[in-house]
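What follows is a single structure, written as structure tokens, with notes after it.
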2 protein chains.
Amino acid sequence: MATARYDRLKLENQICFPLYASSKEVIHRYKDYLTEIGLTYTQYIAMMVLWERAPLSVKGLGEFLYLDSGTLTPLLKKLEKSGLILRERDPQDERSVTISLTEAGRGLREKAIQIPEKMESCIPLTNEEAQTLYKLLYKILKTV
Amino acid sequence: MATARYDRLKLENQICFPLYASSKEVIHRYKDYLTEIGLTYTQYIAMMVLWERAPLSVKGLGEFLYLDSGTLTPLLKKLEKSGLILRERDPQDERSVTISLTEAGRGLREKAIQIPEKMESCIPLTNEEAQTLYKLLYKILKTV
DNA sequence: CTCGTTTATATTGTGCACTATTTATTATAA
DNA sequence: TTATAATAAATAGTGCACAATATAAACGAG
């Protein structure tokens with residue numbers, strides 16, 4: 001029938017759109033909490049990796065975050081300016097830049113610790129639903 | 001125990017990160033198909049709404065896409081420059097701008113029709129999994 | 001009617017996100 | 001060993017995304 005020809009081109013019939021929109025929506029719900037500790041969302045996820053794994057190269061950080069130097073270099077310069085991290089050329093390999101945390105950077109972790117907790121109440125899913133969502137998203141993410 | 005204190009601050013223990021990363025990943029998988037028809041991802045979802053519902057105001061379009069005039073105005077100016085749409089003040093209400101499709105804009109739908117099909121093979125989920133994902137994402141999205 | 005308020009876009013400014021290119025350094029193959 | 005290739009960051013340029021503000025038009029209470 002004529003009306004069905006374009007059905008799959010409808011916004012509500014594609015998985016990409018709710019993925020795109022809900023990602024933005026969740027980041028938006030973080031905003032007030034992140035403003036309190038002076039970070040943007042991307043800076044926050046970068047700090048999450050650094051709290052666990054610093055010192056780390058820009059490349060190494062990018063592999064965890066799925067981001068390249070084009071995004072990370074300016075972002076890391078801002079974190080450096082804020083006094084949270086240090087950026088230093090690796091003496092062993094001068095191509096590489098090593099990111100390490102300052103005392104202030106490590107200290108910020110204490111303030112950030114309440115954020116995941118607060119966020120859970122902003123996402124209306126049961127533990128089981130969140131688990132299911134998590135697995136489906138990683139199934140998409142891990143497939144090359 | 002001491003190591004558990006920061007566990008919830010790990011990237012892999014938060015739902016926001018796979019959401020953010022897989023959204024970008026899926027958009028990336030669209031890229032080649034969209035380049036072929038000369039659209040960016042955001043332009044594509046805007047055209048999807050317009051194919052179904054034009055003529056439509058900027059505000060109306062924004063409500064479907066969860067985007068405001070700050071994002072839409074420059075994007076729509078580009079689509080106008082490409083000859084796909086028209087932007088005209090509504091004579092009934094001069095505050096409002098009505099977006100309508102040109103012949104070229106309507107014609108592009110024929111080229112776009114193969115994209116959802118091609119994309120399905122890029123997302124490694126069964127129909128049932130896609131359905132589940134879809135419902136969970138809209139559950140997040142619809143909650144204010 | 002008219003002044004204050006609301007509404008619809010547009011504009012400005014900041015911060016990603018990504019592509020393509022450049023630069024510097026290291027690794028490697030002939 | 002040396003020319004070539006590969007690698008890691010940085011840079012340049014484009015396009016969102018969103019907050020804040022400005023502008024213009026429409027609405028509404030008195």
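- Rounded to an integer number of Å, the gap from CG of A:Leu39 to C1' of C:dC16 is 14 Å.
- In this structure, the CG atom of B:Asp90 is 12 Å from the C1' atom of D:dA26, given to the nearest Å.
- OP1 or OP2 of C:dC16 lies within a sub-4.0 Å distance of a side-chain N or O belonging to A:Lys78.
- Closest to the side chain of B:Thr73, out of D:dA9, C:dT26, C:dT11, is C:dT11.
- A straight line from CG of B:Leu67 to C1' of D:dC16 spans 9 Å, rounded to a whole angstrom.
- Residue B:Thr40 has a polar side-chain atom (N or O) positioned under 4.0 Å from OP1 or OP2 of D:dC16.
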Query raised in the report: For B:Glu94 and B:Arg89, what are the C-alpha separation, side-chain angles and deciding distance, and is it a salt bridge (Lys or Arg N to Asp or Glu O under 4.0 Å)?
Result: CA-CA 6 Å; B:Glu94 290 278 349; B:Arg89 287 281 163 187; 5.4 Å; no

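- Look at B:Arg95 and you won't find any side-chain N or O under 4.0 angstrom from OP1 or OP2 of D:dT23.
- Residue contacts shown for A:Leu72 are absent, as no nucleic acid heavy atom lies under 4.0 Å away.
- We find that CD1 of A:Ile45 is positioned 7 Å from P of C:dA17, with the value rounded to whole Å.
- Applying the 4.0 Å criterion to OP1 and OP2 of C:dG15, one finds that A:Thr42 has every side-chain N and O outside that range.
- Counting to the nearest Å, the P atom of D:dC18 and the OH atom of A:Tyr30 are 16 Å from each other.
- Here B:Gln92 does not reach the OP1 or OP2 of D:dA26: none of its side-chain N or O atoms lies under 4.0 Å away.
- When rounded to the nearest whole Å, the span between NZ of A:Lys24 and P of C:dC16 equals 17 Å.
- In terms of heavy-atom proximity, B:Gln14 sits nearest to B:Leu9 at OE1-CA, 3.9 Å.
- Within a 6.0 Å radius of NZ in A:Lys118, more than 12 heavy atoms belonging to other residues, nucleotides or ligands are found.
- Rounded to an integer number of Å, the gap from B:Leu65 CG to D:dA17 C1' is 13 Å.
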**Report entry** Residues A:Tyr66, B:Tyr20; criterion ring-ring contact (aromatic ring centres under 6.0 Å, His included); working and verdict
**Finding:** CA-CA 10 Å; A:Tyr66 300 84; B:Tyr20 156 84; 9.0 Å; no

Give every pair of a protein N or O atom and an N or O atom of nucleotides 19-21 of chain D that lie under 3.5 Å apart, one pair per line with the distance.
from	atom 1	to	atom 2	distance (Å)
D:dA19	OP1	A:His28	ND1	3.3

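- Under the 4.5 Å side-chain criterion, counting only non-hydrogen atoms from C-beta, B:Leu65 is in contact with B:Val49.
- Comparing A:Glu94 and A:Leu75 by the nucleotide of DNA chain C whose heavy atom lies nearest to each, the residue mapping closer to the 5' end is A:Leu75.
- Within the 4.5 Å cutoff, no side-chain heavy atoms of A:Leu133 are placed close to those of A:Glu129.
- In this entry the distance linking CD of B:Glu88 with P of C:dT9 reads 14 Å, nearest Å.
- The shortest distance between the side-chain N/O atoms of A:Lys77 and the OP1/OP2 oxygens of C:dG15 is not below 4.0 Å.
- In this structure, A:Tyr20 reaches the D:dA17 phosphate: one of its side-chain N or O atoms is under 4.0 Å from OP1 or OP2.
- A side-chain donor from one of B:Tyr6 and A:Glu110 sits under 3.5 Å from a side-chain acceptor of the other.
- Using a 4.5 Å heavy-atom threshold, the side chains of B:Leu125 and A:Ile15 count as separate.
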